[in-house]
Amino acid sequence: MMESPPMPVLRRLLCTCLAILSIAASSLAWGLPEGEGPPTLVLFNWEEYLDPDILEKFHTETGVRVVIRAYDTDETKDHELAATQRGEGFDLIIGSGISLRSLAEAGWLAELPEAKMPQLVHLKERWRASYGSLRPYAVPYFWGTLGLAYRSDLVKRPESWMDYFRPDPALHGRLMLIDDSKDAIGAALKVLGYSMNSVNPAELGQAMELLQGLKPHLRYIGYFDYTEESSLGSGEVLLTMAYNGDVLTLQEHVPTVQYVVPKEGTNLWVDFIAVFDSSPNQAQAFRLIDFLNRPDIAAQNAGYVHYATPNAAAEKLLGAEFLNDPILYPPKEVLDRSESYSDLSTLGARQRTRLFSSLRD
């Protein structure tokens with residue numbers, strides 16, 4: 001007669017069976033046909049903009065793997081998407097509100113099945129409503145500001161955007177311009193006293209004159225790395241336009257890199273995550289979005305990428321040091337003099353891309 005397995009073995013077998021049953025039940029709830037294995041999701045995203053451990057947790061809990069296809073600029077993202085048929089080859093995308101709104105208007109994004117996404121209740125209404133027409137299709141991912149990053153040990157703190165656009169002679173050849181047409185032109189408009197959303201030809205012309213005057217002082221147009229070998233870390237670049245969370249990430253390696261929002265104000269941006277209507281794996285893609293908004297997961301992700309989360313429940317899990325950091329959560333006076341690109345049309349965004357390309361000539 002065969003002997004029964006010892007109790008520890010039985011417990012392990014029971015836990016394994018329960019885990020399999022849980023994944024199977026969850027798969028059925030999200031529309032995965034019985035007998036089919038979980039798909040692999042392809043997420044189009046900025047590099048280093050999602051904690052890889054979270055994707056491992058998602059795979060452990062659901063059986064679904066996620067592969068990141070990274071892009072390095074908004075323009076690169078747009079070019080890659082333009083080469084596809086309505087985003088085919090990708091399941092999800094993370095990007096700026098203005099760029100995803102364009103995709104929604106073109107019919108590229110699938111509508112959110114909110115009844116199946118209970119974790120969305122944790123999102124703050126301010127951020128969900130920040131791009132009104134995008135709301136049925138996308139969920140806010142992170143938010144932040146555009147400002148100036150500088151080497152505090154080598155240059156004095158900039159106070160105005162004009163300290164960047166008309167730099168001290170000592171900074172000649174030591175500046176970097178962010179490789180984003182909306183932000184580069186938007187900041188130039190802001191320092192001239194215009195709205196960052198302006199489509200007025202005369203105002204855009206003045207902004208481009210300011211950028212053309214900056215061109216001789218530039219080391220390059222692009223983004224910095226997050227290591228000591230980055231252009232800011234090495235001192236190759238001393239002053240650049242930057243996003244707040246990127247600076248906080250670099251500070252872990254180079255503490256002398258500091259960040260400031262110029263006195264004129266800045267862009268208050270919101271990034272979103274959405275599912276392509278062409279995706280054959282929509283149910284599991286929406287399942288990932290819901291998972292990312294689980295408070296413990298959203299808090300972990302915020303700590304990894306160093307950006308402010310739109311998830312109110314996740315904020316309660318983050319430490320006081322994180323929540324009280326003025327770089328992550330700017331004071332009211334900074335927010336009051338900042339604006340979003342919510343009024344910038346698809347045509348306006350394309351217009352800026354064309355103007356910005358002249359800086360590379």
Side-chain angles (χ1 to χ4, degrees), residues 46-49 71-76 96 144-192 196 207-208 210-269 271 305-307 326-328 330 334 338 352 355-360:
W46 292 96
E47 195 168 359
E48 298 290 327
Y49 201 31
Y71 59 86
D72 55 5
T73 71
D74 260 338
E75 279 74 14
T76 299
S96 66
T145 58
L146 173 74
L148 293 172
Y150 63 102
R151 281 290 297 268
S152 61
D153 56 331
L154 299 174
V155 298
K156 66 179 182 179
R157 172 188 169 95
E159 300 296 336
S160 165
W161 281 114
M162 205 56 81
D163 293 332
Y164 173 78
F165 285 110
R166 291 180 181 156
D168 186 286
L171 292 173
H172 180 77
R174 310 293 288 278
L175 274 66
M176 185 185 79
L177 177 63
I178 200 166
D179 195 4
D180 186 286
S181 58
K182 296 184 299 297
D183 288 331
I185 295 174
L189 287 165
K190 194 72 173 175
V191 76
L192 292 170
M196 298 181 86
M208 285 305 301
L210 199 57
L211 283 163
Q212 290 289 354
L214 176 69
K215 188 175 177 179
H217 301 286
L218 296 177
R219 191 76 171 185
Y220 65 96
I221 299 173
Y223 297 90
F224 56 81
D225 294 328
Y226 305 140
T227 68
E228 294 178 2
E229 288 73 39
S230 75
S231 54
L232 267 174
S234 67
E236 177 187 357
V237 168
L238 299 179
L239 179 63
T240 179
M241 295 173 66
Y243 303 117
N244 56 327
D246 291 353
V247 177
L248 289 172
T249 300
L250 181 57
Q251 280 182 346
E252 293 183 346
H253 305 285
V254 190
T256 52
V257 174
Q258 296 296 319
Y259 176 84
V260 62
V261 174
K263 63 183 182 181
E264 295 87 2
T266 189
N267 170 235
L268 183 63
W269 56 263
D271 280 346
V305 301
H306 297 102
Y307 277 112
I327 294 179
L328 278 169
V334 172
S338 300
R352 293 186 185 209
L355 289 171
F356 191 70
S357 66
S358 66
L359 293 174
R360 296 190 176 92

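Counting from 1, the numbers follow the sequence of the chain as shown. Keep in mind that this is a model prediction, so the values were computed, not measured.
- Taking each heavy atom of Pro330 and Leu328 in turn, the nearest pair found is CD-O, 3.4 Å.
- Closest heavy-atom contact between Tyr150 and Lys156: CD1-O, 4.3 Å.
- The side-chain heavy atoms of Thr145 and Leu268, taken from C-beta on, include a pair separated by under 4.5 Å.
- Under the 3.5 Å distance criterion, the side-chain polar atoms of Ser338 are left unmatched by any main-chain donor or acceptor of Gly265.
- The only member of Val247, Leu148, Ile327, Val334 that meets side-chain contact (heavy atoms from CB on, under 4.5 Å) when paired with Val260 is Leu148.
- Ser231 contributes no side-chain N or O that, together with a main-chain N or O of Phe224, makes up a donor-acceptor pair within less than 3.5 Å.
- At distances below 3.5 Å, not a single donor-acceptor pair connects side-chain atoms of Asp225 with backbone N or O atoms of Thr227.
- In this structure, Tyr226 and Leu250 approach most closely via the heavy-atom pair C-CD1, 3.6 Å.
- If you take CD1 on Ile185 and NZ on Lys190, they are separated by 16.0 Å, rounding to the nearest 0.5 Å.
- With rounding to the nearest 0.5 angstrom, the NE2 atom of His253 is 13.0 Å from the CG atom of Leu232.
- Judged purely by distance below 3.5 Å, without hydrogens or angles, the side chains of Gln251 and His306 never pair a donor atom with an acceptor atom.
- No more than 12 heavy atoms of other residues, nucleotides or ligands lie within 6.0 Å of CD in Glu47, so this atom counts as exposed by the packing criterion.
- Within the 4.5 Å cutoff, no side-chain heavy atoms of Arg219 are placed close to those of Leu175.
- Leu177 and Phe356 make their closest contact through CD2-CE1, 3.8 Å (heavy atoms, listed as atom of the first residue, atom of the second, distance).
- For Tyr307, the ring-ring contact (aromatic ring centres under 6.0 Å, His included) partners at least two apart in sequence or on another chain are Tyr49, Trp269.
- Within the 3.5 Å criterion, the main-chain N or O of Ala242 finds no donor-acceptor partner in the side chain of Thr240.
- A donor-acceptor pair shorter than 3.5 Å cannot be found between the side chains of Tyr259 and Asp246.
- Looking only at distances, no side-chain donor or acceptor of Arg151 sits under 3.5 Å from a matching main-chain atom of Leu239.
- In terms of the side chain to side chain contact (heavy atoms under 4.5 Å, CB included) criterion, residue partners of Ser358 (sequence neighbours excluded) are, by chain and number, Met208, Gln212, Asp361.
- A donor-acceptor contact shorter than 3.5 Å is absent between the side chain of Arg352 and the backbone of Asp180.
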